[in-house]
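The block underneath contains the structure these notes are about, expressed in structure tokens.
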Amino acid sequence: MDNPASDFVRDIVAADTASGKHELIVTHFTPEPNGCRHIGHGKSICLNFSIALENKGRCHLRFDDTNPATEETEYVEAIKNDVRWLGFDWGEHLHYASDYFEPLYGYAVELIKRDKAYVCTLDSEQFKEYRGVPTRPGKESPSRNRPIEESLDLFERMKNGEFDEGQYVVRAKIDMNSPNLHMRDPVLYRIRKMAHHRTGDKWCIYPMYDFTHCLSDSIEGITHSICTLEFEVHRPLYDWILDSLEVYHPQQIEFARLNLTYTVMSKRRLLELVQGGLVSGWDDPRMPTLAGLRRRGYTPSAIREFCARVGVTKVNSLTDIALLEFCIREELNRTAPRAMAVLEPLKLIIDNYPEDQVDELDGINNPEDPAMGTRKVPFTRELFIEQDDFRAEPPPKFHRLSPGREVRLRYGYIIKCVGHDTDEAGRVTAVHCTYDPATRGGTAPDGRKIKGTIHWVSAVQSAEVEVRLYDRLFTREKLDDLEAGDDFKNYLNPDSLKTVKARVEAWLIQAGQGSRYQFERKGYFCVDPVDSTDGKPVFNQIVPLRDSWARLNKPQ
RNA sequence: UGCCGGAUGGUGUAAUGGUAGCACAACAGAUUCUGGAUCUGUUUGUCUAGGUUCGAAUCCUAGUCUGGCAACCA
């Protein structure tokens, strides 16, 4: 990092450090363990952990597990794994809101004692009716003036399981006329006769988010409670609870969540894709989930770089997924070893090359990093080249192989096309060439310029592997502005996955799971960690190389 | 039609009363044994209307557009 990041959140933190308001900066990431984390959460993880790191503070990982109906332990491990994978460490500070159920109960009792909360008898139907609507004030619950002692007694009996679900709730006593719905005597505790993933059946009352979150922050000594914009309207309640209890008061700061073009980020939609079988699972390499990106081959550092580049503001925005692709290309261009792989093979026969001869040519492993050395690439009479690299009738500006023309085989020889075979349907089945023995290694002694260089593999000394080519999951850039009744699934890209049998340099079948390569002229690929087996790797395309030839031919 | 936010190129973001800058994208050229990478250049922007000021993206007034909020979810 040459330039430390700066944004309005970091400005606040810096000001609070400078003024001496805080000695130690404490931030947090507080997921609910009820679903899969996506790159939007990644932005939040990076923001919170990075701010802590930059200030030599700490960042807590706290599971906001106050709703036993929706939360599961399996997500806890998955989320811990995602955070660690991104490269962050919460140290000693793994917490659970459920760790605070006891003190939280005490705080609720205290609030009732201070006449700032009461036990309410309204059922959820009546509750809605009494709450009113944004444009109309609500009205006070008949329970509002229940004597403190009576509320205290009822609350204790709620805890003891004497009542049914929904029979009673604890509500804050704030203001039924508030223009902010969240301040109209919000529910603090409800009865849920349900086992919790950590506390079992110890409790049958569970605190609500608004009550839990601010007090957990307070208990943990969080200095800056960073969350997304939709919690902005909750901030008055966050402040009210802490002020009413006169406890340590962290500052809640809201920022805009990440949105990406050509994908969806809401839990509901992601779930729909998974449950509908439209993707192979939460970790489908086309998914914007951290598990999907990881399996696709994205590196944690590229995702961190991306999160740093998108910035932090309060503006609702839609970030071009091209920026994410740029970040992974930039990194992999520096680090990924090169290899030759022919994705859609076409037989090429060097007519004047001896049948049984093998020439070991030198391939450069990474032109961006000479320290990565060279490797031997076997050259034989029969090769495979890319179908796209031959045209019987070349379009303008095509500088690959076509009848009568010369092209260079990468690291090999300059060859000249002398003919091609076709089947009954007129499809090209093989291309015939002659090679120029004086051009071994690719340079012409007479200095003649060869515009095109194509990649290839030996037909006999190469391996067949499965390669999965991915494209954007959706054909539509923006999926949040659909007309009513229009389903986002109508815009799924039918070509988002294409599986091919490719021919690759033989050594690649030893490639370890998760290893990444640049297939020259094609893109960056990663050995799929799920479907690969020993000696039988499956390659996921992480991202294609930029392709100005393809762009040139794309209809505007 | 209530409350809380937000409006800077195609996209994401800087500039906190003093030259509207950066990145991605797009386009053009140079270079290249990857139509990659690299290098150079170009196009495109302060929501509107008034006002304050020598000077406004920035301050004031009015308007326009836009996001969020009405789970005993988080």
Side-chain angles (χ1 to χ4, degrees), chain A residues 3 6-7 30-32 34-35 64-67 69-71 97 120 122-124 127-128 131-138 165-171 178-184 186-192 205-206 208-210 212-213 227-236 254 256 258 261 267 309-327 329-330 333-334 338 340 364 367-368 397-400 407-412 414 439 441-444 450-455 477 480 518-523 544-552:
Chain A
N3 271 327
S6 175
D7 52 65
T30 54
E32 184 188 12
N34 72 343
D64 240 328
D65 54 352
T66 58
N67 186 355
T70 58
E71 294 148 8
C120 181
L122 256 32
D123 64 34
S124 59
F127 180 89
K128 253 185 205 168
R131 185 187 41 218
V133 291
T135 48
R136 290 258 175 281
E165 284 191 12
Q167 207 175 334
Y168 290 106
V169 291
V170 175
R171 299 177 68 177
S178 171
N180 182 343
L181 280 294
H182 297 278
M183 297 298 270
R184 318 243 263 230
V187 172
L188 266 24
Y189 261 94
R190 78 287 214 190
I191 299 170
R192 276 275 173 285
I205 53 170
Y206 292 95
M208 298 290 290
Y209 164 83
D210 286 304
T212 308
H213 199 82
C227 61
T228 44
L229 246 32
E230 67 269 28
F231 291 100
E232 209 157 15
V233 283
H234 293 243
R235 182 161 18 100
E254 311 86 12
L258 173 71
T261 55
K267 189 194 151 199
R309 280 176 181 257
V310 293
V312 181
T313 64
K314 299 186 76 135
V315 187
N316 276 295
S317 58
L318 180 64
T319 298
D320 192 342
I321 199 164
L323 183 63
L324 214 210
E325 295 174 343
F326 166 82
C327 290
R329 281 195 192 105
E330 186 190 44
N333 177 49
R334 282 190 325 249
R338 270 52 169 177
M340 290 200 283
I364 295 166
E368 305 291 321
K397 289 187 180 170
F398 183 84
H399 22 102
R400 303 177 185 179
V407 82
R408 174 166 38 235
L409 292 173
R410 181 81 162 146
Y411 307 126
I414 294 171
T439 59
T443 40
I450 303 296
K451 254 190 265 174
T453 299
I454 63 174
H455 62 280
E477 194 174 48
D480 282 329
Q518 185 199 97
F519 291 170
E520 293 208 39
R521 302 209 306 134
K522 283 291 158 188
L545 250 33
R546 291 181 76 217
D547 187 348
S548 55
W549 169 244
R551 236 182 301 138
L552 193 68

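So that the names make sense, note that chain A is the first sequence line, chain B the second, and so on, each numbered from 1. As the structure is a computational prediction, the values presented were derived from the model and not from experiment.
Checked against A26(B), C73(B), G12(B), the side chain of Met208(A) finds its nearest nucleotide in C73(B). Checking G2(B), G35(B), A74(B) against the side-chain heavy atoms of Arg400(A) singles out G35(B) as nearest. Checking C69(B), G36(B), C72(B) against every side-chain atom of Ser548(A), the shortest atom distance belongs to G36(B). If you check G36(B), A74(B), U13(B) against the side chain of Thr313(A), the one that comes closest is U13(B). For Arg131(A), the listed nucleotide lying nearest its side chain is C72(B); candidates were A25(B), G2(B), C72(B). When the nucleotides G12(B), G35(B), A74(B) are ranked by their closest atom to the side chain of His234(A), A74(B) comes out on top.
With centres under 5.5 Å and a plane angle under 30°, the ring of Trp549(A) is stacked against the base of G35(B).
Taking only side-chain nitrogens and oxygens, Arg521(A) comes nearer than 4.0 Å to OP1 or OP2 of G35(B).
One interatomic measurement links the two molecules: NE2 of His455(A) to P of U32(B), which rounds to 22 Å at whole-angstrom precision. In this entry the distance linking CZ of Arg184(A) with C1' of C3(B) reads 9 Å, nearest Å. Here the P atom of nucleotide U32(B) and the CD1 atom of Ile450(A) are 14 Å apart, to the nearest Å. For the pair Arg334(A) CZ and U38(B) P, the computed distance is 11 Å after rounding to whole Å. As rounded to whole Å, 12 Å separates atom P of C27(B) from atom CG of Asp547(A).
Under a 4.0 Å N-O distance rule, the pair Arg190(A)/Glu165(A) does not qualify as a salt bridge.
Evaluation of atom-type donor-acceptor distances gives no pair under 3.5 Å for the side chain of Arg309(A) against the base of U13(B).
When heavy atoms are screened at a 4.0 angstrom cut-off, Glu368(A) is found touching base atoms of the nucleic acid. Glu325(A) comes within 4.0 angstrom of no nucleic acid atom, judged by non-hydrogen atoms across all strands. At the heavy-atom level, Arg235(A) lies nowhere under 4.0 Å from the strands shown. At a threshold of 4.0 angstrom between heavy atoms, the contacts of Arg408(A) include nucleobase atoms, whether or not backbone atoms are also involved. Looking at heavy-atom distances under 4.0 Å, Lys128(A) makes contact with sugar-phosphate atoms alone, never a base.
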Atom pairs, N/O to N/O, protein against nucleotides 6-10 of chain B, distance under 3.5 Å?
none

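Take the nearest nucleotide of RNA chain B for Leu409(A) and for Leu122(A): the residue whose nucleotide is more 5' is Leu409(A).
In this structure, A71(B) is classed as syn because its glycosidic torsion stays within 90° of zero.
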